[in-house]
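Here is the structure we will look at, set down as structure tokens.
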Amino acid sequence: MDSSARLKLNLENVRERIAAAAQRSGRRADEITLIGVTKYVSDAITRQLFDLGCHDLGESRPQSLWSKAEAMPDARWHLIGHLQRNKVRRTLPCLALLQSLDSIALAQAVSAEAVAMGRRIPALLEVKIASDATKHGFPPADVRAALETVAALPGIELRGLMTMASLEGGDDAARRDFAALRQLRDMLQPNCPDGASLAELSMGMSGDYEIAIEEGATMVRVGSALFEGLA
Ligand SMILES: *Cc1c(COP(=O)(O)O)cnc(C)c1O
């Protein structure tokens, strides 16, 4: 099987699993956005994935996002990894959604630059939910304050929350983490500031996206499962 046939099969398989998990959670498949995470693959494979109909693509390093977005400006690009403040200016023009807004200082820098460009940048607050998290993000206890601060920034349009599950502990730990993010969202929702939304929950990767959907994910970020068996 050539690589594009294999990629097509993988994508169909992931989409079927998304649909089944959505159904189990009482939702339709089209309520879940698949973000194809292309950080492992070349521009050529990324283009094939786009041509197969996966139009939301994610990169975790800003430099990779720049070059892939330049090659594929018609995709909706998501940054899912840490953004250094000195890379904000170059990154914003490429972005459909900044999923990894992980500090107030970054939010202020993004907002200032967005205002200068005459844009509002859609963004998710990254939450450090996992017990073994060494990564970036707001501790759950800080999300309410962050929400209020970020919602007041003129250059950011807040759309929801993003997280990564614990690396250890398997499916049970992942489910607990995803449920915790959903509960945090549900708790904050009634007092969500005007102009901001908490509708989106970006959670779940190749190993746990079905669990994430069962627990309320509206976006899943899937990389390796799409590229299995590709040369
Ligand atoms: C790499 C990455 C993914 C995709 O991981 P896979 O396990 O390959 O699906 C999702 N989210 C983030 C933040 C990542 O860095």
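Sequence positions, counted from 1, serve as the residue numbers for this chain. As the structure lists them, so they are numbered: ligands from 1, and atoms in each ligand from 1.
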Kindly print each ligand 1 N/O atom paired with any protein N/O atom under 3.5 angstrom away, one pair per line, or none if nothing qualifies.
unit_1   : atom_1 : unit_2 : atom_2 : d
ligand 1 : 5 (O)  : Y40    : OH     : 3.4
ligand 1 : 8 (O)  : Y40    : OH     : 2.5
ligand 1 : 8 (O)  : S224   : N      : 2.8
ligand 1 : 8 (O)  : S224   : OG     : 2.8
ligand 1 : 9 (O)  : S206   : N      : 2.9
ligand 1 : 9 (O)  : S206   : OG     : 2.5
ligand 1 : 9 (O)  : G223   : N      : 2.7
ligand 1 : 11 (N) : R221   : NE     : 2.9
ligand 1 : 15 (O) : K39    : NZ     : 2.7

* Indicate the ring-plane relationship of H82 and H136, choosing parallel, tilted or perpendicular according to the 30° and 60° boundaries. => parallel

* Verify same cluster id: V14, I45 (apolar side-chain graph, 4.5 Å) -> yes

* Qualifying residue for side-chain hydrogen bond (donor to acceptor under 3.5 Å, both in side chains) with N13, from R15, E16, R17 -> R17

* R27, R176, R24, R175 screened by salt bridge (charged side-chain N to carboxylate O under 4.0 Å, His left out) with E215, the one that passes -> R175

* Structure fact -> In terms of heavy-atom contacts, G216 and L201 come closest through O-CD1, 3.7 Å

* Verify the distance criterion only: is there a donor paired with an acceptor across the side chains of T218 and E200 at less than 3.5 Å? => yes

